[in-house]
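One is the number of the first residue; the rest follow in order along the sequence. Computation of the quantities below employed the complete heavy-atom set of this structure, encompassing side-chain atoms and omitting hydrogens, waters and symmetry-equivalent molecules.
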Amino acid sequence: MTILTDLRERTRTWHRGSYRLAQAFAVITVLCVLALLIDQRTLDGAPLWAKPFKFAVSAVLYFFTWSWLVSMLPKFRRTASWLTNALVVIFAAEYALMIFQAARVRASHFNNATPLDITIFQVMGRMIAVLWAVNLVLTIIVMFTRLPDRTTTWAARIGALLGMIGISLATLMGPPTPAQQAALDATGQSAMLGAHTVGLPDGGPGLPILGWSTVGGDLRIPHFLGLHGLQALPLLALALGVLAARYPRLRDDVLRLRLVVIAGVGYAGLLALLTWQALRGQSIVAPDSRTLTAFALLVAGVAFSGLIAIGRPSRELEVSLR
């Protein structure tokens with residue numbers, strides 16, 4: 001049996017709408033790469049098609065995960081399926097507006113320059129609000145259901161909660177910056193309202209493709225990290241299950257559960273650290289001593305907790321997480 005055939009068999013019971021959309025965005029990702037190679041135009045200092053590319057990659061990860069997760073739910077599956085269908089429609093419509101703005105060489109987010117730009121971003125804002133609410137309900141469903149094994153259950157629960165936090169962090173980008181507020185106070189107008197860069201205007205030097213600021217704080221970093229906690233934790237649970245075939249110690253399901261919980265706490269700590277760093281206007285590539293110290297303490301805490309978990313009797317945590 002080929003890898004493709006095996007994958008098709010495994011995904012046969014997954015939620016169809018989100019699975020198809022993830023496949024579509026996989027194709028769109030390739031098209032965005034071609035657009036980046038062919039079209040050299042820029043928008044606010046970044047390649048014109050970089051944002052559609054990043055959103056397409058995120059959509060592939062996001063919708064593949066929900067497609068799998070909905071199929072695993074032992075209850076509320078029909079409700080979760082309808083809610084996931086809503087996510088599919090909302091995100092597809094939002095992405096279409098993003099592509100429309102990119103084709104016009106106009107910013108899709110925070111754009112307050114013309115009546116059409118204002119209308120498009122207001123519509124996108126309402127879509128994002130509905131998407132947030134739907135994602136919240138799906139997260140609550142995941143938090144109160146049990147999947148076939150405890151490690152996957154807690155990986156999905158923690159990952160869904162981290163994803164919800166990541167989506168919510170986008171609200172930090174919405175308020176006007178001090179410069180934008182000053183323009184509003186002086187003239188009643190500002191071409192942009194909101195920003196992802198802290199301490200400097202959007203559009204400065206950034207990491208290749210990602211665009212994350214290399215000279216100021218960037219709230220897209222914790223937003224991205226949190227959003228994809230939903231993939232990171234279940235993938236860790238899957239990896240531990242695969243490694244269990246080679247390492248007998250990992251065949252203890254309680255140990256795998258411990259490691260997933262520790263990783264989830266560490267992930268949340270990193271999310272908090274990156275948010276704190278961004279809000280202080282500090283670039284991801286230029287951490288100060290406080291950031292480096294906090295990061296070192298976080299890594300040490302996770303490593304130490306992992307060592308303790310490996311040596312701790314399994315029965316204690318098994319009882320506490322039932």
Side-chain angles (χ1 to χ4, degrees), residues 15 18 22 58-77 79-84 86-87 90-91 128-173 219-241 253-254 256-279 294 298 301-302 305-306 309 317-318 320-322:
H15 180 266
S18 52
S58 285
V60 172
L61 298 172
Y62 182 79
F63 285 104
F64 265 133
T65 305
W66 274 117
S67 179
W68 160 75
L69 194 51
V70 169
S71 72
M72 298 284 285
L73 295 175
K75 55 183 178 179
F76 304 120
R77 188 179 299 181
T79 300
S81 179
W82 279 104
L83 290 170
T84 307
L87 289 180
I90 294 167
F91 191 90
I128 293 168
V130 176
L131 188 147
W132 182 92
V134 172
N135 202 92
L136 176 61
V137 177
L138 284 169
T139 299
I140 293 171
I141 290 174
V142 171
M143 293 298 292
F144 289 96
T145 57
R146 292 188 179 185
L147 302 181
D149 71 272
R150 290 173 301 168
T151 303
T152 304
T153 296
W154 280 93
R157 288 174 178 176
I158 298 171
L161 185 58
L162 289 169
M164 195 66 228
I165 294 172
I167 291 176
S168 300
L169 286 174
T171 59
L172 297 175
M173 307 178 200
L219 290 165
R220 290 175 297 182
I221 300 172
H223 173 58
F224 176 87
L225 183 80
L227 180 63
H228 293 296
L230 183 60
Q231 289 81 49
L233 271 295
L235 281 174
L236 175 61
L238 175 63
L240 291 173
D253 63 333
V254 177
R256 296 197 305 274
L257 176 57
R258 289 177 185 162
L259 295 176
V260 163
V261 171
I262 292 169
V265 173
Y267 200 101
L270 181 60
L271 180 58
L273 174 61
L274 290 173
T275 304
W276 176 59
Q277 181 184 20
L279 288 173
L298 177 63
V302 170
S305 299
L317 188 67
E318 182 177 8
S320 64
L321 290 178
R322 273 182 177 173

For residues [X] and [Y], report the shortest heavy-atom separation together with the two atoms involved.
X    : Y    : result
L298 : G269 : CD2-C, 3.7 Å
P234 : G229 : CD-O, 4.0 Å
V260 : L240 : CG2-CD1, 4.0 Å
L147 : A156 : CD1-CB, 3.8 Å

Practice prompt. Report the C-alpha separation of D253 and D149 in whole Å, then their side-chain angles, then the decisive distance to 0.1 Å, and conclude whether the side-chain contact (heavy atoms from CB on, under 4.5 Å) test is met.
Written response: CA-CA 9 Å; D253 63 333; D149 71 272; over 6 Å; no
Worksheet item: Do the side chain of R258 and the main chain of G306 share a donor and acceptor less than 3.5 angstrom apart?
Response: no
Worksheet entry | Flag, side chain of S81 to backbone of R77, donor-acceptor distance under 3.5 Å | no
Rounded to the nearest 0.5 Å, what's the gap from [atom1] on [X] to [atom2] on [Y]? Could you check?
X    : Y    : atom1 : atom2 : answer
M72  : H15  : CE    : NE2   : 16.0 Å
T275 : L172 : OG1   : CG    : 7.5 Å
R157 : T152 : CZ    : OG1   : 11.5 Å
N135 : I140 : CG    : CD1   : 10.5 Å
Q231 : L236 : CD    : CG    : 13.5 Å
I158 : L233 : CD1   : CG    : 5.5 Å

Worksheet item: Quick check: are there more than 12 heavy atoms from other residues, nucleotides or ligands sitting under 6.0 Å from CH2 of W276?
Response: yes
Worksheet item: Which residue, T139, L169, L230, forms the side chain to side chain contact (heavy atoms under 4.5 Å, CB included) with M164?
Response: T139
Would you check if [X] and [Y] make a side-chain contact, meaning some heavy-atom pair closer than 4.5 Å?
X    : Y    : value
V142 : W66  : yes
V302 : I262 : yes
L69  : L138 : no
L87  : L131 : yes
L227 : L162 : no

Worksheet item: Tell me, which pairs form a salt bridge (Lys or Arg N to Asp or Glu O under 4.0 Å) where one or both residues lie in residues 220-232, sequence neighbours left out?
Response: D218-R220
Discussion item. Please enumerate all residues that pass ring-ring contact (aromatic ring centres under 6.0 Å, His included) together with F91, with sequence neighbours excluded.
Written reply: F25, F63
Worksheet entry | side-chain contact (heavy atoms from CB on, under 4.5 Å) between L225 and Y267, worked out | CA-CA 9 Å; L225 183 80; Y267 200 101; 3.5 Å; yes
Item to complete: List the steps, then state whether side-chain contact (heavy atoms from CB on, under 4.5 Å) holds for L279 with L219.
Response: CA-CA 7 Å; L279 288 173; L219 290 165; 3.9 Å; yes
Response to the item:
Sequence neighbours excluded, the answer for side-chain hydrogen bond (donor to acceptor under 3.5 Å, both in side chains) partners of S58 is H228
